[in-house]
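Beneath this line is the structure, given in structure tokens, with notes to follow.
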Amino acid sequence: MEERQKKGGSLVFAVNGERFELPCIDPSTILLQFLRSQTCFKSPKLGCGEGGCGACVVLVSKYDPKLKKVEDFSVSSCLTLLCSLNGFSITTSEGLGNTRDGFHSIHERFAGFHASQCGFCTPGMCMSFFSALVNADKGNKPNPPLGFSKLTSSQAEKAIEGNLCRCTGYRPIADACKTFAADIDIEDLGFNAFWKNGDSKEMKVSKLPPYDPTKNFNTYPEFLKSESTTNLDSSRYLWYTPVSIEDLQSLLNSNVTENGASFKLVVGNTGTGYYKETQQYDHYIDLRYVPELSIIKRDQAGIDIGSTVTIYKLISFLKEESKINFGSYGKLVSDKLAYHMEKIASPFVRNSASVGGNLVMAQKNGFPSDIATLFLGLCATVSLMTRHGLVKLTWEELLSKPPLDSRIVLLSVSIPFKKDRNSKFLFETYRAAPRPHGNALAYVNAAFQADVSLCQNGFLINNIRLAFGAYGTKHATRAKMIEGYLTGKMLNIHVLYGALKLVKLAVVPEDGTLHPEYRSSLAVSYVFEFLYPFTDAHSALSGGLFNGINDISVEKVFKSSKDGCISQGRKQTLLSSAKQVVESSTEYYPVGEPMKKVGAAMQAAGEAVYVDDIPSPPNCLYGAFIYSTKALAGVKGIQLESNQLTDGVAAVITFKDIPIGGANVGAIRFSDPEPLFADDLIRYAGDRIAIVVADSQRSADVAARTALVEYDTANIDSPILTVEEAVEKSSFIQIPPFLYPKQVGDFSKGMAEADHKILSAETALAIPDEDNCMVVYTSSQCPESAHRVITTCLGVPKHNIRVITRRVGGGFGGKGVRAMPVSTACALAAYKLRRPVRIYVNRNTDMIMTGGRHPMKVTYSVGFKSSGKITTLHLDLLINAGISEDVSPLLPLNVMKALKKYDWGALSFDVKLCKTNLTSKSTMRGPGEVQGSYIAEAIIEHVSSSLSMEVDSVRNKNVHTFESLNFFYDNIASVGEYTLPSIMDKLAVSSSFFERREMIKQFNHKNTWKKRGISRVPIVHEAMQRPTPGKISILQDGSIVVEVGGIEIGQGLWTKVKQMTAYALGLIESSWAEDLVEKVRVIQADTLSIVQGGLTAGSTTLESSCEAVKLCCNVLVERLTPLKKQLQEQNVSVDWPTLIRQAQMQSVNLAAHSYYVPESSSKNYLNFGAAVRAFVQGIGFFMHEEYLTNEDGLMVSNNTWTYKIPTIDTIPQNFNVHVVNSGHHKKRVLSSKASGEPPLLLAVSVHCATRAAVKAAREQLKLWGKLDGSDSEFYLDVPAILPIVKTQCGLDYVEKYLETLLAQKSYHSCINIDLK
């Protein structure tokens, strides 16, 4: 075996049709690492390094010479080992199309449907979709109409269900993908740049960028087919490829595994997304070419699955084989397994993750596997290869054994089928997770099977098997106590109730498991759902208490089950259509036109350059942060672990390396600088201690991750972690007087009038230059501030440092202040070592150091009348700011701005910024405003509950009048500008709000297990403009270069600036405006080229930048208009190029610079109730994104496995948007309106609607007499994740339902069903 391996060949593969041959390479090299460092292809991005975001997705193709077919599938390039791709072809988004060769229709349709905003994730989205597209078009379906593919709209949506996007809200992406689906109704697609209102369906189709599936994109080049894909030479690659079980056994017993040599068995390598590797293996053994391990077989006895079979291939096999008649039980199992397994991971992980690898991780490491639970529920057996030969065990037996030795190989898994007989087989699987699909581990998963017989008095349980997993134990387990209790019993409510009591005793999460009571409650619910349809409960419903309740019908279940197997089917729902209305005007054409975002197709193709895409200069080093895991401690020393992966470490940079004349400063926002590095005292968990600098990013990351920090906690006070502790120790951050909000009205008078009272991933590249200068590329929303901090830290003049930002991927405020320490540390390392240094902060470190939003504690007193009108409100607000000020001094003002959206009569407050030993809390879209909007709604909900009034009525009672608005907002609105009441009225009509509210009441009355809620909320968003510079240069050919202070972060700033430039210069001649758009190029921000750039934030930098450009254009128009008139008087035909040539000849200055300073009266204005894509981001805040810390305050939900942002399967199924043209507003730049923060704040409506649904569930409990406490007065936490919602509905809801049934006098335990 070894001799054959040594005679193997070189590693040969293709990337976008280009041949690569690598004589030798480190076998641990990841495909993404190679693509980004050794090729010109930068479209695959490093987002998470875990296979959890999809930014790195590429298409991998392999050729089967026997079948003469090419297999195409998407993979996470951040997990795929390069050596596993010998003879493969890789396609990236640049390979589909690009600027020079023309874009692919995927790129163009993404651009036209506004499906690329910041653009960082778009290439991965495109490749996920392309994989689905190319495979669908290989299918045997009828040829689709011209311009479409064989893909269905459902498949188009599912193709991107594992890809993450913060910007778009997913629906534009889904719409762009569905334009390829032959079954799509083109009228259901959303807002785009291709067609206009009034276009026919045929016209709309014709305007789409063409797609011809018959002209297949060649994913596998011909030259590779003739290449010999022999095994790799193991002496050069340390990579072994056994081709039989005998080969494998021989290899495992050879010197490859002797003498302490470490080795790794490889299939898809996806396990490294969960278990990070910090060691270098001596040898790699690729199991994929052992035929016995890659086969799936099925017969009447069951299914045999080879261990290297991928999850995707198993799903495909099960779907196909379920159509073959191998018995009803086999079909049932196949259907259920396939349905469940499609919820595991994401498509690009399932394509390469192996079934065996998943099971081994579960057995050895305690991975919370769904497959492990499914196979336990199905009585699976496994075959193992040991030193002593082949061994067969049940999967349950293997789970009970110690972790497998690395020399023991899982060969296959067998799932036995039951033989058909007179009894009925039940089989069902369950899982509840933060996301219905995509990458999310289950809170609990389960697989149940039962053999039941229908008797005269009901159903007899002959046998039952209940398997539970992922609930907080090391392995999946069987509930044998419950199985024993149920076996041999007639199933009735008494028996079921007894079984559920036992479930809570059997399914007990280990200490430290999150949400343990919720997980146990889920297990109870699963058993109830599985068995309840076969009890005699339905006869009890005639008693009167349950009139109108809809439950599962035993009769219906059995009528649909003629083959002896019962399945409680569930439908998978899709996104439904959405209506998007934008009332625009042509007054300022082309401003306001729905043109494609500048560079969107380029972003989709992966050609847009972000900081990490800039090629590393020669001799470049790489940095990674070492951070504290303690909240408050001294630092005695840092020790790096010595191993092969850390051999390239060049230096460890600490505060001691700051040059003389410099300062230990990492960020400055107001007056109190934040240290770059901890000195002798660590002040919070996540505090930057040092950066490790190494010759590769991987070496630096591993060295930082494995570094041992020696702490000293002697004679050090306990840390302050809560606002209560901060108050007790008087630990506060000063709020500057000019930022402290003003009180409104007289609180005492308002209270006297009241009838009621209630008391209650950053990146940077630094390159040293001549004369002690440096260029720093930073992914920052505020390059000017980064410039200031870097020069302060290094102690050099500001003209020595040039900071450049071209574009930012995914900003939203998080790349403002938090980006400064990264670029500063990078510059410091480059300064000290006199070599280029780049830092790409990995996902875990980034999330730990970034800090997140500000936690708050609110206590309020509110006075109100019995009519629901609130007369006064007082708030005591404690804001947890973390260790330093960052932007925290702005928070009180922002909270109150959002809170004042209602007329509180009088408003008083006491606000304290609490300084704690936690990471500095920072900006994230709508800082303080999101919390303020929520606080306002919580108070409104509380008042309505106290009065037993409809909450919508209380809201309407307290929406501002024009007079109260100006009272609360200091006369900010002019007559005619206050449109909120009319918007609320329009919403009520267009959504049929009141009719739907009544329908929901009826639905909730009739349904026990599903409850619905509805909510509409107002917002008043006070936007503030900031001074912004602009600069325009017209070149000799008439092309136009524009520089502005604002940064393109996906909001379309460059697009609007282009439109504004074309409009303003078009005032010379209006007919030129449309052509001028294409002549404008907006270039990167450079702190030595355009100064006073300021901060890009708050949804207003775009319009301020546009106004700065307009001022420049005014100057140029003033210079060029007389020349145009002069030429016309000379009967010269004047177009734009001619005018510019003449201006050049006559020495007219064709450059202009401006600095827009908004007038004090126009700095602030109000925006009422817009709803766009930030709404989905708000859903994430209010419903999904759980921020978890340990006892030291260190963030532990610091990766894509534990921190769940919205995905395509968690957005509203029906999302209608109407952007109102409310007329001209003189205080706004061309009457523009903010569109970032407002929809984010509106997302509180989802939380309010959820609360209404929870209230309905609590009313149900009250109806049963089983509610402890009030049905309406309860607190629904933020985020309202599944455990929070179920807790408020009642973790024992099922038990209380059964108790109510058992208590009914009309209950009798007899049911007769004729199956004939």
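All residue numbers in this chain count up from 1 along the given sequence. Values in this document were obtained by computation on a predicted structure and should not be read as measured data.
Residues Val808 and Ser779 approach most closely at CG1-OG, 3.7 Å, considering heavy atoms. Scanning both residues, Val1176 and Pro1206, for their nearest heavy atoms gives O-CG, 3.4 Å.
Looking at Ser131, its side chain never comes within 3.5 Å of a backbone N or O of Met127 through a donor-acceptor pair. Remark: the backbone N or O of Ser43 is paired with a side-chain donor or acceptor of Glu94 at under 3.5 angstrom. Remark: side-chain polar atoms of Asn192 are paired, donor with acceptor, to backbone N or O of Trp195 under 3.5 angstrom. Between the side chain of Lys158 and the backbone N or O of His437 there is no donor-acceptor pair closer than 3.5 Å. Counting only distance, with no hydrogens or angles, the side chain of Ser149 and the backbone of Phe180 share a donor-acceptor pair below 3.5 Å. In terms of modelled atom types and a separation under 3.5 Å, the side chain of Asp72 and the main chain of Ser61 share no donor-acceptor contact. One N or O on the side chain of Ser226 and one on the backbone of Phe223 form a donor-acceptor pair closer than 3.5 Å. Side chain of Arg19 to main chain of Val12: no donor-acceptor pair is present (N/O by atom type, distance under 3.5 Å, no hydrogens or angles). With Lys597 contributing its side chain and Gln117 its backbone, the two residues share a donor-acceptor pair below 3.5 Å. Side-chain N or O atoms of Lys1204 include one that pairs as donor or acceptor with a backbone N or O of Asn439 at under 3.5 Å.
Counting heavy atoms from C-beta on, the side chains of Asn163 and Phe348 come closer than 4.5 Å. In this structure, Phe110 and Cys126 have side chains that are in contact, with non-hydrogen atoms separated by less than 4.5 Å. Looking at heavy atoms from C-beta onward, Glu161 lies in side-chain contact with Pro347 at the 4.5 angstrom threshold. Side-chain contact between Phe194 and Pro209: present, with at least one pair of heavy atoms (C-beta onward) separated by less than 4.5 Å. Looking only at side-chain heavy atoms (C-beta outward), Met847 and Arg843 come within less than 4.5 Å of each other. With a 4.5 Å cut-off on side-chain heavy atoms, Thr241 and Asn86 do not count as touching. Looking at heavy atoms from C-beta onward, Ser93 lies in side-chain contact with His107 at the 4.5 angstrom threshold. Counting heavy atoms from C-beta outward, Thr763 and Val841 have side chains that stay 4.5 Å or more apart.
Between the CD1 atom in Ile184 and the SG atom in Cys177 there is a gap of 11.0 Å [rounded to 0.5 Å]. Remark: Asn98 CG to Glu607 CD distance equals 5.0 Å, nearest 0.5 Å. Interatomic distance, CD of Glu71 versus CG of Asn135, reported as 8.0 Å (0.5 Å rounding). Note that CD1 of Ile106 and OG1 of Thr179 are 9.0 Å apart. Values are rounded to the nearest 0.5 Å. Note that CD1 of Ile25 is 6.5 Å distant from CG of Leu11, once rounded to the nearest 0.5 Å. Of the inter-residue distances, the one linking Gln38 atom CD with Leu22 atom CG reads 8.0 Å to the nearest 0.5 angstrom.
A donor-acceptor pair shorter than 3.5 Å can be found between the side chains of Gln603 and Ser116. Arg838 and Ser616 share a side-chain donor-acceptor pair at under 3.5 Å. If you check the side chains of Asp137 and Tyr211, you find a donor sitting under 3.5 Å from an acceptor.
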Exercise for the section: Test side chain to side chain contact (heavy atoms under 4.5 Å, CB included) on Phe41 and Glu18 and set out the steps. Expected result: CA-CA 11 Å; Phe41 306 116; Glu18 180 182 345; 4.1 Å; yes
Exercise for the section: Might you work through the side-chain hydrogen bond (donor to acceptor under 3.5 Å, both in side chains) test for Asn16 and Thr92, ending with a clear yes or no? Expected result: CA-CA 7 Å; Asn16 296 331; Thr92 71; 2.9 Å; yes
Practice task
Determine, step by step, whether Glu50 and Lys276 satisfy the salt bridge (charged side-chain N to carboxylate O under 4.0 Å, His left out) criterion, reporting the C-alpha distance in whole Å, the side-chain angles of both residues, the deciding distance to 0.1 Å, and the verdict.
Solution key: CA-CA 9 Å; Glu50 299 168 340; Lys276 301 293 189 299; 3.1 Å; yes
Practice task
Carefully, step by step, assess Asp701 and Arg698 under the rule salt bridge (charged side-chain N to carboxylate O under 4.0 Å, His left out).
Solution key: CA-CA 5 Å; Asp701 285 338; Arg698 185 184 182 196; over 6 Å; no
Problem - Residues Thr1207, Thr1210; criterion side chain to side chain contact (heavy atoms under 4.5 Å, CB included); working and verdict - result: CA-CA 5 Å; Thr1207 46; Thr1210 58; 3.8 Å; yes
Exercise for the section: Report the C-alpha distance between Ser10 and Arg236 in whole Å, list the side-chain angles of each, state the deciding distance to 0.1 Å, and finish with yes or no for side chain to side chain contact (heavy atoms under 4.5 Å, CB included). Expected result: CA-CA 9 Å; Ser10 295; Arg236 287 189 282 153; 3.0 Å; yes
Exercise for the section: Start with the C-alpha gap between Tyr312 and Phe73, add the side-chain angles, then the distance that decides, and say whether ring pair (Phe, Tyr, Trp, His ring centres under 6.0 Å) holds. Expected result: CA-CA 10 Å; Tyr312 165 76; Phe73 52 96; 8.3 Å; no
Exercise for the section: Kindly indicate, with the supporting measurements, whether the criterion side chain to side chain contact (heavy atoms under 4.5 Å, CB included) is fulfilled by Gln697 and Arg36. Expected result: CA-CA 12 Å; Gln697 190 67 62; Arg36 295 189 59 79; over 6 Å; no
Exercise for the section: May I have the step-by-step check of salt bridge (charged side-chain N to carboxylate O under 4.0 Å, His left out) for Glu222 and Lys225, ending in yes or no? Expected result: CA-CA 5 Å; Glu222 287 297 321; Lys225 294 179 181 178; 3.1 Å; yes
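When each of Phe20, Phe88, Tyr220 is tested with Phe13 by the rule ring-ring contact (aromatic ring centres under 6.0 Å, His included), just one qualifies, namely Phe20. When the options Lys45, Arg807, Arg806 are evaluated for a salt bridge (charged side-chain N to carboxylate O under 4.0 Å, His left out) with Asp613, the one that passes is Lys45. Screening Trp239, Tyr281, Tyr237 for a side chain to side chain contact (heavy atoms under 4.5 Å, CB included) with Pro27, the sole residue that qualifies is Trp239.
Ring geometry for Phe367 versus Trp1201: interplanar angle over 60°, hence perpendicular rather than tilted (30 to 60°).
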